[in-house]
Amino acid sequence: MHLAIIGATGMVGKTFIKVLEEFRLPIDKIDFVASIKSMGKKIKFNGKEYPIISLEECLQQPPEFALFSAGSSISIEYAPKLAEKGTCVIDNSSAFRMEKNIKLIVPEINGHILSKDDKIIANPNCSTIQLLMPISPLHRKYKIKRMIVSTYQSVTGTGKEALEQLMGEREKKKNIQSIYPHQIDLNLLPHCDVFLENGYTKEEMKIVNETHKILDDENIRISTTAVRVPIKGGHAESVNVEFENHFDIQDIYELLENSPGISVQDDPTNNLYPTPVFAEGKNEVFVGRIRQDLSHPKGLNLWIVSDNLRKGAATNAIQILQKQIK
């Protein structure tokens with residue numbers, strides 16, 4: 001297998017490398033692609049050093065598979081060019097997610113719809129992936145009528161410059177480059193991505209639209225609030241679900257415990273519930289604080305935590321790759 005990583009020096013790109021080393025896929029040749037400013041540098045993978053190459057060099061010797069995480073503009077320009085040459089592109093940007101003829105995939109949920117003919121496959125938004133991992137099996141059984149989602153998203157969701165802003169503020173450095181419109185350390189910003197005309201942010205609407213597409217159900221009513229929090233890694237979500245049908249709380253536990261990729265951590269008497277610090281570096285989605293909504297007979301509350309660079313990005317993309325190489 002000939003594989004290329006586009007955006008290999010970014011936060012997700014580096015996580016691609018870690019996860020690939022852990023998954024031990026049968027890679028015969030690997031290319032690490034980055035911007036011109038990274039030319040001349042090398043990347044270590046499985047004990048060997050590889051030179052960084054340009055996108056133009058990658059196009060000259062197109063790989064069988066390419067993992068993209070270099071931003072939407074790069075994906076829009078280069079993913080179709082590689083696809084035309086026969087490369088299967090798995091794209092981590094938002095460029096193709098809502099394109100009608102491009103599949104938006106969480107392997108545990110809708111991986112069965114993939115085919116070998118798919119040349120561009122979209123990786124969902126990190127918040128959508130971790131939300132739908134536990135929500136999908138519940139929706140299949142009890143049918144979700146309405147969902148309210150509040151996210152608590154780490155600065156790594158914005159990128160390494162945002163992490164530098166957080167740590168710079170924490171260390172009281174001067175002349176810090178500000179990625180956010182306000183201080184992020186010791187603060188909360190109800191502002192992830194840009195604001196839209198409807199008052200929601202682009203991040204909030206990604207969760208709504210991508211949920212409808214992945215679950216193939218436009219009838220689920222969803223309201224979201226995305227909040228940036230001053231932590232280095234991991235996203236958390238407080239989710240309130242209203243089902244169409246009555247449910248048994250014990251059955252909810254059993255459904256989640258038997259769903260692949262999910263780990264239930266829910267023993268409040270012993271202070272057991274998921275936290276971003278615990279989830280960091282792990283591939284699972286963790287669920288806790290599972291409880292009946294006291295205000296509604298068909299309502300359920302969940303607390304969902306995951307490493308946004310892992311299952312929210314790199315791990316999910318590599319799981320798609322696994323399905324395509326079988």
Side-chain angles (χ1 to χ4, degrees), residues 5 7-19 21-22 32 34-45 49 52 69-74 92-94 125-127 129-130 150-195 201-204 206 225-238 265 271 273-286 288 303-315:
I5 297 177
T9 58
M11 297 193 84
V12 174
K14 290 176 180 176
T15 310
F16 277 143
I17 294 165
K18 289 179 188 174
V19 177
E21 287 178 328
E22 293 167 13
F32 296 103
S35 64
I36 298 297
K37 65 182 179 182
S38 295
M39 295 300 107
K41 296 179 182 177
K42 292 186 177 181
I43 285 179
K44 200 169 185 178
F45 176 69
E49 284 193 334
I52 292 173
S69 188
S72 293
S73 60
I74 296 293
N92 195 59
S93 79
S94 60
N125 177 266
C126 50
S127 300
I129 293 172
Q130 76 177 68
S150 300
T151 75
Y152 305 80
Q153 299 181 218
S154 65
V155 296
T156 53
T158 307
K160 58 185 177 183
E161 292 86 0
L163 181 57
E164 288 167 4
Q165 179 183 342
L166 171 65
M167 300 314 294
E169 290 172 352
R170 192 158 293 178
E171 294 162 13
K172 296 187 171 18
K173 291 182 178 177
K174 294 181 179 179
N175 302 318
I176 301 163
Q177 182 186 4
S178 292
I179 301 303
Y180 299 119
H182 301 282
Q183 173 185 322
I184 182 63
D185 191 34
L186 300 175
N187 205 7
L188 298 173
L189 307 182
H191 181 180
C192 295
D193 214 319
V194 298
F195 285 99
T201 65
K202 195 174 176 182
E203 178 80 4
E204 291 160 354
K206 284 177 189 175
T225 302
V227 180
R228 191 69 64 191
V229 298
I231 60 173
K232 291 196 292 181
H235 288 355
E237 297 172 344
S238 172
Q265 291 190 327
N271 299 319
Y273 37 75
T275 66
V277 168
F278 178 82
E280 195 169 357
K282 299 179 177 70
N283 294 317
E284 301 95 327
V285 173
F286 300 92
W303 174 250
I304 304 167
V305 180
S306 185
D307 185 325
N308 54 297
L309 297 178
R310 288 260 177 167
K311 184 55 181 172
T315 300

Could you check if a side-chain atom of [X] sits within less than 4.5 angstrom of a side-chain atom of [Y], using non-hydrogen atoms only?
| X | Y | answer |
| --- | --- | --- |
| V305 | T275 | no |
| P230 | L188 | yes |
| T9 | F32 | no |
| L163 | M11 | yes |
| H182 | H191 | no |
| K311 | N283 | no |
| M167 | K232 | yes |
| V155 | I184 | yes |

Sequence-distant partners of S127, side-chain hydrogen bond (donor to acceptor under 3.5 Å, both in side chains), two or more places apart:
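side-chain hydrogen bond (donor to acceptor under 3.5 Å, both in side chains) check on S127 returns Q153, E203.
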
In plain terms, say whether E49 and K41 are close enough for a salt bridge, that is, a side-chain N and a carboxylate O under 4.0 Å apart.
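A salt bridge is absent here (no side-chain N lies under 4.0 Å from a carboxylate O).
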
With the threshold set at 4.0 Å, does a side-chain nitrogen-carboxylate oxygen contact exist between D307 and K282?
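Salt bridge flag = no for K282 with D307.
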
Who are the ring pair (Phe, Tyr, Trp, His ring centres under 6.0 Å) partners of Y273, not counting sequence neighbours?
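Partners of Y273 under the ring pair (Phe, Tyr, Trp, His ring centres under 6.0 Å) test: none.
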
List the atom of A314, the atom of V19, and the distance in Å for their closest heavy-atom pair.
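The answer is CB-CG2, 4.4 Å.
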
Exercise: identify the closest heavy-atom pair between E169 and I176:
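Looking at all heavy atoms of both residues, the closest pair is N-CD1, 3.4 Å.
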
Could you list the residues that satisfy side-chain contact (heavy atoms from CB on, under 4.5 Å) with S93, not counting sequence neighbours?
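S93 satisfies side-chain contact (heavy atoms from CB on, under 4.5 Å) with S72, S75, D91, A95 once adjacent residues are dropped.
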
Carefully, step by step, assess Q165 and I179 under the rule side chain to side chain contact (heavy atoms under 4.5 Å, CB included).
CA-CA 7 Å; Q165 179 183 342; I179 301 303; 3.6 Å; yes

Is there a side chain to side chain donor-acceptor pair (under 3.5 Å) between T201 and D193 once you walk through the steps?
CA-CA 6 Å; T201 65; D193 214 319; over 6 Å; no

Pair T158-R228, side-chain donor/acceptor within less than 3.5 Å:
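There is such a pair (donor and acceptor under 3.5 Å, judged by atom type) between the side chains of T158 and R228.
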
Does either side chain, that of N308 or that of T156, offer a donor lying less than 3.5 Å from an acceptor on the other one?
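N308 vs T156: donor-acceptor pair found between side chains.
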
Atom pair [atom1]/[atom2] of [X] and [Y] - distance to nearest 0.5 Å:
| X | Y | atom1 | atom2 | result |
| --- | --- | --- | --- | --- |
| I129 | I304 | CD1 | CD1 | 13.0 Å |
| C192 | K206 | SG | NZ | 9.5 Å |
| I43 | I5 | CD1 | CD1 | 7.5 Å |
| E237 | W303 | CD | CH2 | 9.0 Å |
| S38 | I52 | OG | CD1 | 4.5 Å |
| Y180 | D185 | OH | CG | 12.0 Å |

Should F286 and S306 be marked as a side chain to side chain contact (heavy atoms under 4.5 Å, CB included) after you check the CA-CA gap, both sets of side-chain angles, and the distance that decides it?
CA-CA 6 Å; F286 300 92; S306 185; 5.8 Å; no

Please test T151 against H235 for side chain to side chain contact (heavy atoms under 4.5 Å, CB included), starting from the C-alpha separation and ending with a verdict.
CA-CA 7 Å; T151 75; H235 288 355; over 6 Å; no

For T225, is there any backbone N or O sitting under 3.5 Å from a side-chain donor or acceptor partner on S150?
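Between the backbone of T225 and the side chain of S150 there is no qualifying donor-acceptor contact (under 3.5 Å).
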
Are the side chain of E204 and the backbone N or O of A226 linked by a donor-acceptor pair below 3.5 Å?
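It does hold such a pair.
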
Evaluate the side chain to side chain donor-acceptor pair (under 3.5 Å) criterion for residues Y152 and S238: first the C-alpha distance (whole Å), next the side-chain angles of each, then the deciding distance (0.1 Å), finally the verdict.
CA-CA 8 Å; Y152 305 80; S238 172; 4.9 Å; no

